[in-house]
**Q** 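A single structure is presented below for examination.
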Amino acid sequence: MGGNTAGLAIDLCKQAEGLAVGNIAKQRCRENINGLQDWVNDKPTRDKESRVAKELEQLMLLVDEYSAIHDTVKTSVSSQALAIYSFLTIPDNSYYKTMAVHSTKLLLAAKPYLNTIKYVLGSSDKLYIATSSDIASIAQGIYIAELNELCSLLEVYKDNRNFIILLFQKCLEETKKSMLLIEKMDLDPSFQARYLKNKQNIIGDGGNKDSGSGGCLVIIAMIIVFFLIYLLS
């Protein structure tokens, strides 16, 4: 429906409202007018979305795919931990498939579509910023869910926490890759503030440094403290 056609339809509804008999009939005419007016008011957004419709469609498919993955994080982490604990005499994280890798995969898969939207709409466009922030939020949600589950497993395996620390180490290595990608994105200020707070809770000021194995254990110790605070806040 073109803008001019919608305007004619609104005029017609207004005329019908004037001719309508009874409160119910008048109410329905008014609802029709409001609905059409909303449709007209949304035209700039519709026009904007139509220019990047294919990219938005692909991003929605990624959102659906990785939101489903997010829902499996807790089960995957706990089942893998149980298997490693049960079958390995010496703690080893080489068999552990960190879920944080999906955060990195999502960000890399979404990047070309976001770049196209940025090119078409501009780097400060609200639709682009919101879409970029949504993708970053889902990616962040995956690695935070994994870290939270690993924190809870520290209590479950309190007689042998060393192997959980090794799983933390592997998760952190991939989490830092995701964080580097997120920090290169154009983000909504409110989300960026939350992201920076979470980053501080996870790795403090050492997130972009190669800490080595010894430094990584210090970071993991910080993880335990910060996330217990985070969970209780």
Side-chain angles (χ1 to χ4, degrees), residues 1-17 28-73 99-146 174-199 202 207-208:
M1 184 186 294
N4 187 46
T5 303
L8 292 174
I10 290 173
D11 289 341
L12 181 61
C13 285
K14 287 181 177 178
Q15 292 180 36
E17 182 184 22
R28 287 177 179 172
C29 288
R30 173 51 53 186
E31 290 172 354
N32 289 335
I33 292 170
N34 291 338
L36 285 168
Q37 190 62 58
D38 289 341
W39 194 90
V40 171
N41 293 340
D42 287 342
K43 185 177 185 300
T45 300
R46 289 197 311 279
D47 290 345
K48 185 184 296 184
E49 290 178 351
S50 68
R51 296 167 63 191
V52 290
K54 292 181 179 179
E55 288 75 20
L56 289 173
E57 182 179 355
Q58 292 302 313
L59 288 172
M60 282 305 301
L61 292 175
L62 289 174
V63 166
D64 291 342
E65 178 183 353
Y66 285 89
S67 293
I69 289 173
H70 175 273
D71 293 340
T72 69
V73 170
M99 297 298 287
V101 72
H102 295 293
S103 298
T104 305
K105 287 181 177 180
L106 168 60
L107 295 168
L108 291 175
K111 186 176 180 180
Y113 304 117
L114 289 172
N115 283 344
T116 300
I117 295 173
K118 179 180 181 178
Y119 176 78
V120 173
L121 302 182
S123 61
S124 61
D125 180 78
K126 290 183 178 179
L127 176 61
Y128 162 64
I129 294 293
T131 305
S132 181
S133 299
D134 287 344
I135 295 296
S137 179
I138 294 170
Q140 178 183 242
I142 292 173
Y143 65 68
I144 284 182
E146 180 172 10
E174 194 63 41
T175 292
K176 288 195 285 185
K177 294 178 185 179
S178 295
M179 287 180 165
L180 288 175
L181 292 172
I182 289 175
E183 287 168 14
K184 294 177 182 178
M185 298 172 71
D186 297 303
L187 303 170
D188 175 81
S190 62
F191 171 77
Q192 189 168 40
R194 294 194 302 274
Y195 162 76
L196 291 174
K197 179 181 178 181
N198 286 329
K199 178 187 175 183
I202 294 170
N208 297 328

**Q** Which heavy-atom pair separates Ala145 from His70 by the least distance, and what is that distance?
**A** CB-NE2, 4.0 Å
**Q** Can you check side chain to side chain contact (heavy atoms under 4.5 Å, CB included) on Leu62 and Ile138, steps first, answer last?
**A** CA-CA 10 Å; Leu62 289 174; Ile138 294 170; over 6 Å; no
**Q** Let me confirm one number: the CG-CZ distance from Leu56 to Arg51, rounded to the nearest 0.5 Å.
**A**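 Spacing of CG (Leu56) from CZ (Arg51) equals 12.0 Å.
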**Q** Treating Ser137 as the side-chain partner and Ser133 as the backbone partner, does any N or O pair qualify as donor plus acceptor under 3.5 Å?
**A** no
**Q** Tell me which pairs pass salt bridge (Lys or Arg N to Asp or Glu O under 4.0 Å) where either residue lies in residues 105-126, with sequence neighbours left out.
**A**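 Salt bridge (Lys or Arg N to Asp or Glu O under 4.0 Å) check on residues 105-126 returns Lys48-Asp125, Lys118-Asp186.
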**Q** List the residues meeting side-chain hydrogen bond (donor to acceptor under 3.5 Å, both in side chains) with Ser190, not counting sequence neighbours, and say none if there are none.
**A** Asp188
**Q** Measuring from Ile117:CD1 to Gln58:CD, what's the distance to the nearest 0.5 Å?
**A** 10.5 Å
**Q** Using only atom types and a distance under 3.5 Å, with no angle test, would you say the side chain of Glu146 pairs donor to acceptor with the backbone of Met99?
**A** yes
**Q** Tell me, do Val120 and Glu55 make a side-chain contact under 4.5 Å, heavy atoms counted?
**A**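 They are not in side-chain contact.
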**Q** Check for a donor-acceptor pair, side chain of Thr72 on one end and backbone N or O of Ile69 on the other, with a separation under 3.5 Å.
**A**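 It does hold such a pair.
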**Q** Grab the two heavy atoms, one from Ala110 and one from Leu59, that are nearest each other, plus how far apart they are.
**A** CB-CD2, 3.7 Å
**Q** What is the distance from atom CG of Leu106 to atom CD1 of Ile142, rounded to the nearest 0.5 Å?
**A** 6.0 Å
**Q** Given Met179, which of Leu181, Thr175, Ile182 fulfils the side-chain contact (heavy atoms from CB on, under 4.5 Å) condition?
**A** Thr175
**Q** Tell me yes or no: between the side chains of Thr104 and Glu174, is some donor less than 3.5 Å from an acceptor?
**A**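 Present: a donor and an acceptor within the cut-off.
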**Q** So which heavy atom on Ala139 is nearest to which on Ser103, and how close?
**A**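 Smallest interatomic distance, heavy atoms only, reads O-OG, 2.7 Å.
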**Q** Which atom names give the shortest non-hydrogen contact between Leu187 and Ala136, and what distance separates them?
**A** CD2-CB, 3.8 Å
**Q** So does Tyr128 get a backbone contact from the side chain of Ser132, meaning a donor-acceptor N/O pair under 3.5 Å?
**A**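 Checked: no pair found.
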**Q** Drop me the distance from Asn115's CG to Ser123's OG, to the nearest 0.5 angstrom.
**A**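 The CG atom of Asn115 sits 11.5 Å away from the OG atom of Ser123.
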**Q** Closest approach of Ala100 and Tyr143, non-hydrogen atoms and distance?
**A**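 Nearest pair, atom of Ala100 first, then Tyr143: CB-CB, 3.9 Å.
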**Q** What distance do Thr116 atom OG1 and Leu121 atom CG have between them, rounded to the nearest 0.5 Å?
**A**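 Here the interatomic distance stands at 10.5 Å.
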**Q** Using the rule given for side chain to side chain contact (heavy atoms under 4.5 Å, CB included), can you reason through Ile135 versus Tyr113, listing the C-alpha separation, both sets of side-chain angles and the distance that settles it, and then say yes or no?
**A** CA-CA 11 Å; Ile135 295 296; Tyr113 304 117; over 6 Å; no
**Q** Just how far is it from atom CD1 of Ile129 to atom CG of Leu114, taken to the nearest 0.5 Å?
**A** 10.0 Å
